[in-house]
Amino acid sequence: MQSLVSITDFSKQDILQVLERAAAFEANPNMPLLSGKVVATLFFEPSTRTRLSFETAISRLGGRIIGFSDASSTSISKGETLKDTIMMVANYADLIVMRHPLEGAARYAAEISRVPIINAGDGANQHPTQTLLDLYSIQKTQGTLHGINIAMVGDLKYGRTVHSLLQAMSLFGAHFSFIAPQELAMPREYKQLLEARGIAYEEHTDLAEHIGNADIIYMTRVQRERFLDPMEYERVKNVYVLQNKMLQNTKPNVKILHPLPRVNEISTDVDGNPKAYYFAQAGNGVFARMAAICKLLEC
Ligand code: CP
């Protein structure tokens, strides 16, 4: 039984298989491969895209959905533990998709569950299915995953999406530019991973000057909910705002990705620019998640 807690739970070959399957699902999105299966979606933290795209994916595969989007309406509010909740739900469902604010919660769930777990985000740690849809979006727009120049911008400290994406892109020989204020710099452990693999990266604090060579500009939100000190959040919350005029001298093939939700970090005047891809990227989540579910359930 395989779970997907970290993107490193999938090999490079696994990832490529999932992307190929995602393309097949995009071409033919209604396939009743989960007929008779029940999938639980347990969201202990708010979500729009991840939960709804998982539920769309399950529906398009002909499966049934149980779960919650607000843990306060469950017996957790009476003191039931995460362990007991997972043990229970594993009796009801063939697969559990869970989002939790605590780093490591999904790994813990995978250790005690008798059905596979998909991590739909655990604190600032990992968001592996976001990475699968990001890779799918990069492959679709650039025609390859190899040798991509990717600028990661914003909250690189707490941003679980950039942590997972860095690990995956490092398998394909990317070149990374990290653009973040000092307080939100990419954590040392991820830079060490790149160094160990001989992969080049640069670090900058200025946005406009360092996106000219990018194939992908990966914007992120500064995540208020991860800050212990509200004053620190206030200091950095609007540090980068990508504006349409900044894209004038960027490469013709560049695409702007963002896991969303956005707050202020991409001006709405970018939305109509053909280089903006973030809404299509969110749409790709359905196909990538259909493929990830089928990989784990062997459907
Ligand atoms: N990208 C993403 O995880 O969005 P949600 O928080 O809306 O699920």
Side-chain angles (χ1 to χ4, degrees), residues 4-7 18-19 22 39-60 65 67-72 95-103 105-106 109 117-138 140-141 150 152-169 184 216-227 233 237 240 242 255-266 270-271 276-293:
L4 177 57
V5 173
S6 161
I7 195 63
V18 166
L19 301 188
V39 179
T41 56
L42 312 185
F43 279 73
F44 297 86
E45 194 182 58
S47 167
T48 297
R49 278 145 294 275
T50 309
R51 185 173 66 82
L52 294 180
S53 63
F54 260 114
E55 294 186 356
T56 304
I58 297 157
S59 300
R60 290 203 178 279
I65 301 157
F68 53 80
S69 58
D70 178 4
S72 68
L95 170 72
I96 297 173
V97 177
M98 77 175 254
R99 170 171 288 188
H100 200 283
L102 289 182
E103 293 182 28
I117 300 285
I118 294 183
N119 179 8
D122 62 327
N125 188 31
Q126 287 276 320
H127 195 350
T129 60
Q130 177 71 44
T131 297
L132 293 171
L133 78 90
D134 292 343
L135 293 173
Y136 185 57
S137 299
I138 293 168
K140 264 177 80 172
T141 60
I150 180 165
M152 294 180 161
V153 183
D155 183 352
L156 308 187
K157 179 179 178 184
Y158 298 114
R160 58 194 174 200
T161 63
V162 287
H163 300 160
S164 293
L165 184 59
L166 175 151
Q167 289 177 315
M169 290 293 287
L184 299 177
I216 295 292
I217 302 171
Y218 196 97
M219 299 296 297
T220 63
R221 174 176 66 94
V222 177
Q223 300 179 75
R224 188 184 54 210
E225 64 272 29
R226 309 282 176 229
F227 284 78
Y233 171 71
K237 68 178 183 184
Y240 302 121
L242 185 69
K255 292 292 178 208
I256 300 146
L257 303 188
H258 189 312
L260 303 177
R262 93 175 132 181
V263 184
N264 292 321
E265 58 279 1
I266 302 179
V270 177
D271 294 356
Y277 193 74
Y278 28 93
F279 294 123
Q281 174 192 3
N284 289 335
V286 172
F287 313 118
R289 289 180 169 122
M290 288 171 82
I293 290 167

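Position 1 is the first residue of the sequence, and the numbers go up from there. Order of appearance sets the numbers: ligands from 1, and atoms from 1 within every ligand.
- Proximity to P259 (heavy-atom distance under 4.0 Å) selects the following atoms of ligand 1: 1 (N), 2 (C).
- Taking any N or O of R51, backbone or side chain, none lies under 3.5 Å from an N or O belonging to ligand 1.
- Among all non-hydrogen protein atoms, the one lying nearest atom 6 (O) of ligand 1 is R99 NH1, 2.9 Å.
- Residue contacts with ligand 1, taken as heavy atom pairs separated by less than 4.0 Å, involve L260 solely via the backbone atoms N, CA, C and O.
- With a 6.0 Å cutoff to the six-membered ring centre and a 45° limit on the axis angle, R289 counts as a cation-pi contact of F54.
- Between E55 and T41 the shortest heavy-atom distance is OE2-OG1, 2.8 Å.
- When every heavy atom of I7 is checked against every heavy atom of Q126, the shortest pair comes out as N-OE1, 3.2 Å.
- Classified by interplanar angle (parallel below 30°, tilted 30° to 60°, perpendicular above 60°), the ring pair F44/F68 is perpendicular.
- Of all atoms in ligand 1, listed by their number and element, those nearer than 4.0 Å to a heavy atom of T48 are 5 (P), 7 (O), 8 (O).
- Atom-to-atom distance recorded for K140:NZ and Y277:OH is 4.0 Å, nearest 0.5 angstrom.
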